[in-house]
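Just below is one structure, and these are the notes that go with it.
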Amino acid sequence: MSENSSSATTKISTYLTMIVLIVLALSMVALISSVNLFVGGNEVAAGYLLVIGLIAMALSLYVMVQSRKRIADMKIEAPKVMTTIECRKCGFKSVREFQRGDFVFKELDPCQKCNEKMLITAIFKEVREREKPFAF
Amino acid sequence: MLAVLPAVTGQLGGAGDSISQILSILFYVIFIVFLFYGQRIQMYVMIREVEGSLYKLKYIKDEGRRIAIETIKELGKPQTDPSARVDRYLDYFTISPQSMDPAGIVYKLDHILDVRDTRLKDEVKLMAPASDEVQVNNLENTLEAAMALNYIYKVVRHYYIQGKKTLSLYIIMQLQMILPLVMKEAEAYASALKAFAYGQPIGDGVGPLVAAKLMHGYETRKVPKDCVVAEVPLEGRTALIMKAEGPGGNVGKPGDAIKAVIEENKGKIAAVIMIDAGLKLEGEMVGEVAEGVGAAIGGPGVDQYKIEEALVDYHIPIYAVIVKEDIGDAVSPMRKEISDSVDKVIERVKSVILERTKEGDKVIIFGVGNTIGIGQ
């Protein structure tokens, strides 16, 4: 049940999509009519229709983008977690993706260079800062 | 903008006449509507905003439940579907002791927290019979994160429905105002879920990580409850390095552990140094190290009370070193900046020892926090 409700929250509502498509179609009609009126010499009416058409198109596209953004925002990105493995004897170091069962100070297979047991020395995620820096 | 519209359209003249009349009427209608229903419109806008966040909270909560169930199935190999038991677990509550007569309340709270811990651990063992001690601890942490998400969702939903039912602007307004902070916390718990499920170290584990680095290679022994201690020579002193026992998700009971070690040494401890993750203020850098005095420990306050009580009995000074991070960093997989701060913390601890104690003294160094993904 929860899976269904969860997927329902991540879909764009068909009602909203229908309205957006209708407004988009009407705005296209308004733009085409404005071109026809402009060719026919009625510049004032053509101007009004052009403005109305452009506003309607911009609004419908904005609503569409916003609803897609809402769904994208809902997904939580799982950051890549890395494991640092070190040989305490020769200093050989490698970084690989985290595997289930890894923990800091866990002993692993022998080192490729000196045959001493390797050790997990760090597990971390790297975060790319999205925040704008402030002047203070 | 609406006020200048009639004037602008009035200047169009000719074909613009009828349009300017329509716009003028529209302007008056909007003006009257806003005059009488402005507050209600504002409320509907807020309700809509809360609704959007509530959808997100529901999604996060459902994801939490799904991850918890999947992890239990994967690690615990249960014979039956654990979903119903998980749902029951998510609704568990703890009643804090009566505080009308506050004397002795710390030990009452301690007892209730012990009962809760045992009860929840037993429940996890029933849900996941094939899991070992480390996995039981990790599963318990995973379920607690899912429980927190479930609770946040229910509380926000409660105020949302109450606000909608009563059409009270003030209920909705209060909810809408604190929602960014609530969402931040919910997102933090959501990222904690996977970390707990996979057994990855979290930001809060910086204290145990420092302690583990100091005690690695030395013999450790268990101290009550769920903690370990190692005797390590450090700058000519004997450091009793302590942390919760890892690598399972565990915070131990630092209050009992410190008290036990002080009593073992008959109070002959020159200083206690506590290392913990500290909440940073906006504008401060993640992984910044700061120093102070006092018991650096969070939680309900039971352990802090016990530590302070033991220290007062023997007149032992207490120092604290913290690593700055926000709530999101504290419960999600450990950031590189926090992991890199470990050496800086060790340097600070060494300088405190050199400045505040004499050669040959004994000092306790406790790495406070959840030791998930950190051995010793």
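Computed from heavy atoms alone, side chains included, the values below leave out hydrogens, waters and symmetry copies. Within every chain, numbering begins at 1; the chains are lettered A, B, ... in the order of the sequence lines, protein sequences first and strands thereafter.
- In terms of non-hydrogen atom pairs under 4.5 Å with chain A, the most contact-rich of Ala212(B), Gly246(B), Ser339(B) is Ala212(B).
- The heavy-atom pair separating Phe105(A) from Gly375(B) by the smallest distance is CD1-O, 4.5 Å.
- The shortest side-chain heavy-atom distance between Gln200(B) and Phe98(A) falls under the 4.5 Å cut-off.
- The local environment of CZ in Arg48(B) is sparse, with at most 12 non-hydrogen atoms from other residues, nucleotides or ligands closer than 6.0 Å.
- The residues Lys125(A) and Glu337(B) are annotated as not salt-bridged, no charged nitrogen and carboxylate oxygen being separated by less than 4.0 angstrom.
- Looking at Pro201(B) and Val104(A), their side chains come closer than 4.5 Å, going by heavy atoms from C-beta outward.
- With a threshold of 4.5 angstrom between heavy atoms, Lys213(B) approaches chain A through its backbone and through its side chain.
- Counted within 6.0 Å of OH on Tyr198(B), heavy atoms from surrounding residues, nucleotides or ligands total 12 or fewer; the atom is thus considered open.
- Rounding to the nearest 0.5 angstrom, the gap separating the CZ atom in Phe124(A) from the CD1 atom in Ile338(B) is 12.5 Å.
- Heavy atoms of other residues, nucleotides or ligands lying less than 6.0 angstrom from OH of Tyr151(B) number 12 at most.
- When all heavy atoms of Ile123(A) and Met334(B) are compared, the closest pair comes out as O-CB, 4.0 Å.
- Of the atoms belonging to Leu75(B), it is side-chain heavy atoms, and not backbone ones, that fall under 4.5 Å from chain A.
- No more than 12 heavy-atom neighbours from other residues, nucleotides or ligands sit within 6.0 angstrom of CD on Gln112(A).
- Under a 3.5 Å cut-off, the side chain of Arg100(A) and the backbone N or O of Gly199(B) do not form any donor-acceptor pair.
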Decide side-chain contact (heavy atoms from CB on, under 4.5 Å) for Leu119(A) and His216(B); before the verdict, give the C-alpha distance in whole Å, the side-chain angles of both, and the deciding distance to 0.1 Å.
-> CA-CA 11 Å; Leu119(A) 199 70; His216(B) 184 68; 3.5 Å; yes

